[in-house]
Amino acid sequence: MQRARRRVLGLNIVLAAAASAILIAIVFGAQVFSLHTNQAADAAFDVGLTQMKMNSAFTSLLEAESSQRGYLLTRDETYLEPFITARSHIQQDIDDAERQFSKLALDKNVKPLGQIGSVATRKFAELDQTIALARQGKVDEALAIVRGNLGRDLMTHARDTIADQQSALVSLRDERVADLRDSAHKLIMLTTLGVFSVVALSLLALLQMSHQTRKLHRAQDELETANDELEERVRERTRDLQRANDEIQRYAYIVSHDLRAPLVNIVGFTRELETASEAIKSAFEAMPPGPRQPVVAEAVRAIEQDVPEALHFIQSSTGRMDNLINAILNLSRLGRLTLYPREIELNALVGDCIASIQHRATEADALVVIEGALPRLIGDRNALEQVLGNVLDNAVKYLAADRPGRIVISGKRRGTFVMIAVEDNGRGVAPADQERIFELFRRAGRQDRPGEGIGLAHVRSLVRRMGGDISVESDGISGSTFKITLPYDLRQVISRGSSDAPN
Amino acid sequence: MRQTDQDVSIVMIEDDEGHARLIEKNIRRAGVDNEIVGFDNGTAALKHLLDDSHARSSSRGPRSLILLDLNLPDMTGVDILRRLKATERTRRLPVIILTTTDDRREIAKCYDLGANVYITKPLNYDSFANAIRQLGLFLSVMEIPEVN
């Protein structure tokens with residue numbers, strides 16, 4: 001039972017650990033992928049931003065160029081505004097683009113963006129030059145420079161450079177977007193896996209629980225059955241004890257009755273003998289005094305000594321027989337006593353018993369106490385008083401000479417039974433005698449106290465009649481404990497045994 | 001010597017010879033001379049008491065005092081008591097139960113059935129003998145009813 005329990009516990013621990021491990025792994029993985037996804041998103045965004053910055057820079061150049069063209073065409077200063085704006089932030093734009101580019105931390109062999117800076121510088125130089133000329137009125141010189149195509153070549157160069165970068169960036173961005181998508185996808189997968197894991201583990205846990213519960217219920221059922229069987233066996237044993245008790249009672253009754261009849265004759269005719277011998281004695285006394293023939297002297301001695309002596313012994317023996325027969329008859333009568341079940345407050349009942357022996361206890365320097373609270377039960381008051389009175393009586397009778405007597409009565413309820421213990425520190429009962437003392441006319445130990453050897457037989461008979469039993473525990477030296485077991489409810493015993501008990 | 005009605009016979013139904021002898025001795029010691037008719041089994045006793053022909057032929061007449069022991073070999077004294085009390089010609093006869101049983105229920109039952117006296121044979125012989133002698137007194141004063 002212990003091993004199975006440990007195995008189950010181990011299994012549960014393993015499952016719990018595995019579940020925790022899986023969940024932690026999933027959560028951890030989800031964190032990692034979430035982070036990665038964020039990073040991939042940022043990276044992809046960076047690329048876009050770089051593209052945007054590069055385009056801005058180029059747009060600035062274009063705007064500057066078209067603005068210049070416009071001015072050259074119209075020589076209207078208002079057309080120079082875009083040029084001035086572009087000029088003011090072209091360096092900023094290029095710096096931004098360069099910074100973004102470097103942030104990408106590429107190890108690709110792309111043309112350094114720095115080139116754009118020099119191109120832009122030269123382009124603006126050209127623009128400045130043409131605008132300055134136009135401002136001075138030297139429009140034709142300005143146009144000549146424009147036609148010189150340096151500007152156009154520079155723009156083309158810039159355009160090409162940026163286009164190259166852009167294509168590289170596009171492929172990079174595609175890469176990174178793919179990476180992002182992949183990362184997001186993995187995250188979703190992991191999360192889904194997490195959900196499924198939780199569901200699966202929950203199901204597993206439920207399964208395990210229901211399995212355990214079923215096992216538990218089975219065990220409970222088995223226990224109930226075992227309990228019922230045990231109770232049935234106890235009931236059977238009680239019934240058997242009662243039946244045995246009843247048989248003994250019947251025999252006791254029959255035997256003692258059949259013994260009485262001849263005893264009546266013995267006693268009666270012994271008295272007749274006595275009377276007759278008195279007559280003979282008188283006859284001899286009436287004889288004249290003086291020496292007697294030996295035969296006569298013999299007869300006188302017989303009638304004066306032998307006959308009375310014989311009669312005396314016969315009479316004392318018959319007296320004893322009478323006592324014993326009466327004792328057996330009383331015992332058997334009590335075995336057939338009608339029991340009257342009532343609610344009994346044991347504390348009070350035992351208190352009464354103690355009170356009735358208190359005088360002798362004090363004389364014998366013995367202390368009699370009740371330990372704890374005695375349970376209540378439903379039983380026959382009279383019978384219980386006799387049982388407990390007798391046991392206490394014995395306890396006070398058989399104390400040890402060398403120590404003050406201490407008699408403790410305790411009791412508790414055990415399911416359908418009540419157990420009462422009377423423990424004393426008297427002279428004890430030797431193991432060899434522990435069955436004997438409950439037999440009729442049997443005693444044990446030093447025979448220095450009055451008694452017929454009837455009490456405990458009487459007690460056991462009563463206790464068994466009530467559906468219980470009595471036993472003794474003792475080491476034969478330091479004291480004894482008498483254990484009385486009684487059913488909690490006498491009515492059940494009576495109703496059960498009513499079919500076979502003579503009442 | 002007490003005067004007893006010599007017409008009355010004492011019917012003693014007792015199976016133990018010793019008891020019967022002791023009872024008889026003490027009745028005689030009490031000065032009672034009446035005929036003692038003894039039976040050691042119920043069947044014979046009932047035949048004597050209930051059999052018409054015998055009663056008619058008896059010179060002493062049918063009037064009897066019955067000393068009944070309950071532990072008889074062939075039937076219980078209670079059965080005999082019942083039969084005696086159920087039969088018209090014997091139901092008025094006084095019955096004295098003399099037995100070793102002292103079961104209170106038995107005693108009650110016997111009185112219920114109409115026994116006149118129930119005496120337990122005590123082992124104290126003196127009181128037993130005394131009781132028998134008192135019976136002698138009884139006999140001298142009690143009226144044995146006429147039968148029929």
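By convention in this document, chain letters (A, B, ...) are assigned in the order of the sequence lines, proteins followed by strands, and residues within each chain are numbered from 1.
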Assess whether atom [atom1] of [X] is packed by more than 12 heavy atoms of other residues, nucleotides or ligands within 6.0 Å.
| X | atom1 | result |
| --- | --- | --- |
| R360(A) | CZ | yes |
| Y111(B) | OH | yes |
| Y251(A) | OH | no |

CZ on F269(A) to NE2 on H19(B), rounded to 0.5 Å:
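H19(B) NE2 to F269(A) CZ: 8.5 Å, rounded to 0.5 Å.
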Measuring from E17(B):CD to N265(A):CG, what's the distance to the nearest 0.5 Å?
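Here the rounded value is 9.0 Å.
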I need the minimum non-hydrogen distance between L22(B) and V264(A), along with the two atoms involved.
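Closest approach of L22(B) to V264(A): CD1-O, 4.0 Å.
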